[in-house]
Amino acid sequence: MSKKHNFGAGPCILPQEVFEEASKAVLNFNGLSILEISHRSPEFVAVMSEAQDLVKEMLHVPDGYSVIFLQGGASLGFLITAMNMSGTQKKAAYVNTGVWSNKAIKEGKNAGLEVVEIASSKDQNFNYVPKGYNADGYDFLHLTSNNTIFGTQMKSFPQTDSPLVCDMSSDIFSRTINIADFDIIYAGAQKNLGPAGTALYIVKESILGQSTHAGIPTYLDLKTHHDKDSMFNTPPVFSIYVSMLNLLHLKKNGGVSEMEKRNQAKADLLYNEIDSNPFFEGTAAIEDRSNMNVTFVLKDEAHAVAFNQAWNAAGIVGLKGHRSVGGFRASMYNALEIDSVKVLTQVMGDLANQNA
Ligand SMILES: *Cc1c(COP(=O)(O)O)cnc(C)c1O
């Protein structure tokens with residue numbers, strides 16, 4: 001069967017070369033399978049440290065930051081970040097930009113914090129990113145850089161004296177960012193880094209051990225994992241190994257700035273089609289449109305059957321929109337080639353031409 005064009009929102013497409021390398025390591029990694037090696041073996045310790053080094057190199061992580069791989073996904077990160085960033089006020093600001101932000105807010109409360117929803121785009125079904133709020137003076141400000149479900153993305157980050165905590169699950173490594181602006185960045189691997197099973201944390205070391213949360217559980221304390229170099233317990237070996245392979249691939253292909261250019265070209269191509277094709281319209285505010293997850297609808301639902309048939313026939317998968325938005329969502333993570341986007345825009349163009 002020929003390879004499909006994977007526009008799925010996650011787990012994500014990864015480069016073919018990474019799949020091939022990963023499958024080789026399942027069969028033979030220094031005479032064992034990567035699935036059976038000890039996480040304490042020198043071979044895996046080297047993988048872990050290479051993965052951490054590549055994260056630092058690809059994102060230009062400055063000194064004073066720790067790179068940690070954990071289990072539990074970004075969903076556990078909602079709680080971990082709130083507990084670890086609990087400060088003297090026990091009061092945190094959250095920007096509510098949709099489903100994932102909402103879950104983070106819930107866990108902030110579960111961590112015993114007074115949560116202030118400092119800004120929200122709920123009034124318009126999260127189709128824009130709120131701006132112009134003042135979030136000074138909190139233990140931290142929590143942001144979601146890219147809203148995977150609603151197709152919006154923060155093009156810049158707010159200026160504030162509150163430390164910034166950011167869920168970058170669905171756009172990390174897709175664009176250049178200034179790590180020094182943040183106290184904690186966290187991301188589930190499976191949107192742009194590697195296979196599901198691990199979550200990446202980039203943590204300012206000066207916050208470690210400073211939490212005011214009483215009785216923070218050992219596993220949820222980031223200091224535990226920093227001190228043990230992400231080997232406090234058995235790490236998700238395979239997920240970290242494949243993430244490392246993907247980071248190597250990223251490095252060989254020009255790094256994050258090159259990826260940013262390619263992602264911009266893919267986004268321009270698809271948004272141009274949406275804006276010029278009379279059959280479709282985008283759902284996100286133009287200035288906040290995500291370059292990773294493109295949400296759009298048919299103006300006339302009567303064409304849904306024909307459109308669905310056409311993109312299925314073209315080998316496209318994963319285009320159905322999330323139930324809270326409806327319509328369609330094209331996720332275009334790093335490994336999605338522009339040729340796949342061209343297949344999609346062709347199908348969209350054909351629909352309009354055939355029904356003109
Ligand atoms: C997918 C996603 C999550 C949840 O990630 P898990 O690793 O499945 O817990 C959180 N935040 C954002 C922005 C996401 O896209």
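Counting convention: from 1, in listed order, for ligands and their atoms alike.
- The distance between the ring centers of F232 and H225 falls below 6.0 angstrom.
- By the 30° and 60° cut-offs, the orientation of the rings of H303 relative to F279 is tilted.
- F157 and F182 have their aromatic ring centers within a separation under 6.0 angstrom.
- The heavy-atom pair separating P158 from Y133 by the smallest distance is CG-OH, 3.3 Å.
- Rounding to the nearest 0.5 Å gives a distance of 7.5 Å between CD1 of I37 and CG of N30.
- Under 4.0 Å from any atom of ligand 1, one finds heavy atoms of residues G73, A74, S75, F78, W100, T144, N146, T148, D167, S169, S170, G188, Q190, K191.
- Between W100 and F78, the ring planes lie tilted relative to each other; the angle falls in the 30° to 60° range.
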